[in-house]
J.: 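Please see the structure below; I have some questions.
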2 protein chains.
Amino acid sequence: MKSRIETDGYGRKKVIDACMEPCAIERGMRIIGGKWTGSLIYHLKDGPVRFNDLNRLLGGATKKMIDQRLKALEARGMVLRTVINDRPIAVTYELTELGRSALDILEDLRLWSEKYDIR
Amino acid sequence: MKSRIETDGYGRKKVIDACMEPCAIERGMRIIGGKWTGSLIYHLKDGPVRFNDLNRLLGGATKKMIDQRLKALEARGMVLRTVINDRPIAVTYELTELGRSALDILEDLRLWSEKYDIR
DNA sequence: TATTTCAGGTATACTATTTATACCTGTTGG
DNA sequence: CCAACAGGTATAAATAGTATACCTGAAATA
């Protein structure tokens with residue numbers, strides 16, 4: 001972010017070099033901030049989880065949503081999909097190294113959310 | 001989160017006590033994860049900023065979006081709106097203590113986003 | 001003086017994302 | 001045989017976000 005702000009002595013601030021593309025925070029949020037994405041990643045923190053279990057863990061999200069999010073995260077290299085069995089089909093999803101790198105942020109968010117009793 | 005997961009020896013995990021409401025991470029994301037909300041808060045980190053400057057700082061967001069986000073954040077006690085002048089009207093927005101409490105998370109997100117070159 | 005510019009928004013219409021609900025193929029348990 | 005589970009997909013409706021134009025009033029510009 002090269003944009004800056006200058007103060008004019010009245011407690012006001014004026015922008016100097018507005019950023020015309022989404023800034024780093026905005027870009028980050030578009031990856032882990034989408035609805036359900038954060039909890040999805042967080043629920044994978046302890047290892048591989050199956051599709052329907054993720055669906056149950058994220059009470060409220062539909063299968064379609066879970067599916068979309070997982071595909072988007074897989075496309076970004078944050079999640080790995082593995083078929084562990086045909087007949088009966090069984091699939092697990094787990095975090096990659098990049099996926100795991102986001103866990104600290106999510107853990108802090110969880111603590112913040114609980115500390116301030118965010119509803 | 002009282003939900004847990006158990007392993008069955010095949011690298012798979014099964015959910016034991018699914019959470020039926022959005023968990024803490026999901027609730028937190030719904031406050032600071034909405035589109036533009038994170039950058040909006042972040043751009044207020046150094047003190048009061050005026051409406052139109054926020055609009056310029058967040059290249060891409062419309063005034064309507066900025067307005068909605070600010071109102072939502074104000075309603076949650078994260079942002080304070082102050083009219084500093086009638087005739088010519090002038091308004092500033094600034095973070096409350098609660099608003100400031102989210103800055104660490106956002107700063108970490110920014111660093112993560114830059115480190116892994118998230119686009 | 002007339003016109004433009006800025007402040008801080010609101011109104012309208014449109015597009016995109018998310019949700020609810022049902023359904024599909026195949027396997028296993030009763 | 002029938003129901004339940006696996007891992008999804010299809011369709012439609014509701015919600016969220018975008019683009020564009022406009023409003024009131026004051027001040028700066030031509």
Side-chain angles (χ1 to χ4, degrees), chain A residues 8 10-16 18 20-22 26 29-40 44 48-74 79-94, chain B residues 8 10-16 18 20-22 26-27 29-40 44 48-75 79-94:
Chain A
D8 73 351
Y10 294 104
R12 305 172 239 161
K13 311 261 174 172
K14 290 226 95 182
V15 63
I16 297 303
M20 290 318 288
E21 309 89 49
E26 202 52 42
M29 276 302 188
R30 287 182 193 178
I31 307 311
I32 64 167
K35 213 160 180 179
W36 304 112
T37 309
S39 1
L40 197 45
L44 291 174
V49 184
R50 287 158 156 254
F51 181 86
N52 279 321
D53 285 338
L54 284 170
N55 190 211
R56 277 185 282 266
L57 283 165
L58 273 68
T62 60
K63 287 180 168 190
K64 185 179 183 180
M65 190 56 18
I66 308 276
D67 184 58
Q68 277 184 13
R69 293 319 195 202
L70 285 172
K71 278 180 177 146
L73 289 170
E74 202 191 352
V79 156
L80 181 68
R81 178 184 187 271
T82 312
V83 176
I84 56 173
N85 249 311
D86 294 335
R87 275 184 310 285
I89 184 153
V91 178
T92 60
Y93 291 89
E94 67 194 294
Chain B
D8 73 351
Y10 294 102
R12 306 172 236 161
K13 311 264 172 169
K14 289 227 93 184
V15 64
I16 298 302
M20 290 319 288
E21 308 90 49
E26 201 52 42
R27 296 198 312 273
M29 277 301 188
R30 289 187 190 174
I31 307 312
I32 63 167
K35 212 160 182 179
W36 304 112
T37 310
S39 2
L40 198 45
L44 292 174
V49 183
R50 284 158 158 255
F51 181 85
N52 278 322
D53 286 340
L54 284 170
N55 190 210
R56 278 185 281 267
L57 283 165
L58 273 68
T62 61
K63 286 180 169 189
K64 185 179 181 180
M65 191 55 17
I66 308 276
D67 184 58
Q68 278 185 12
R69 295 317 196 201
L70 285 171
K71 278 180 178 145
L73 289 170
E74 202 191 354
V79 157
L80 182 68
R81 177 184 188 272
T82 312
V83 176
I84 57 175
N85 248 310
D86 293 335
R87 280 184 307 286
I89 183 153
V91 179
T92 60
Y93 291 89
E94 66 193 294

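The basis for the numbers below is simple: all heavy atoms, side chains too, and nothing from hydrogens, waters or symmetry mates. So you know, we letter chains A, B, ... as the sequences are listed, proteins then strands, and number each from 1.
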J.: Could you state the atom-to-atom distance from CG of D67(A) to P of dG7(D) in whole Å?
T.: 12 Å

J.: Under 4.0 Å between a side-chain N or O of R30(B) and OP1 or OP2 of dT15(D)?
T.: no

J.: Has K63(B) got a side-chain N or O lying under 4.0 Å from the OP1 or OP2 atom of dC23(D)?
T.: no

J.: Look at the side-chain N and O atoms of R50(A) and state whether any lies under 4.0 Å from the OP1 or OP2 oxygen of dA6(D).
T.: no

J.: Which is more 5' along DNA chain D, the nucleotide nearest K71(A) or the one nearest A61(B)? Just name the residue.
T.: K71(A)

J.: Picking from dT19(C), dG8(C), dA6(D), which would you name as closest to the side chain of I89(A)?
T.: dA6(D)

J.: Strictly below 4.0 Å: does R81(B) bring a side-chain N or O up to OP1 or OP2 of dG9(C)?
T.: yes

J.: Starting at the 5' end of DNA chain D and moving along, which residue's nearest nucleotide shows up first, Y93(A) or K35(A)?
T.: Y93(A)

J.: Given dA16(D), is OP1 or OP2 found less than 4.0 Å from the side-chain N or O atoms of R69(B)?
T.: no

J.: Taking the side chain of P88(B) as its heavy atoms from C-beta onward, which of dG7(D), dA27(D), dT10(C) lies nearest to it?
T.: dA27(D)

J.: May I have the distance from D53(A) (atom CG) to dG7(D) (atom C1'), rounded to whole angstrom?
T.: 12 Å

J.: Round to the nearest Å and state the distance from K64(A) atom NZ to dT21(C) atom C1'.
T.: 11 Å

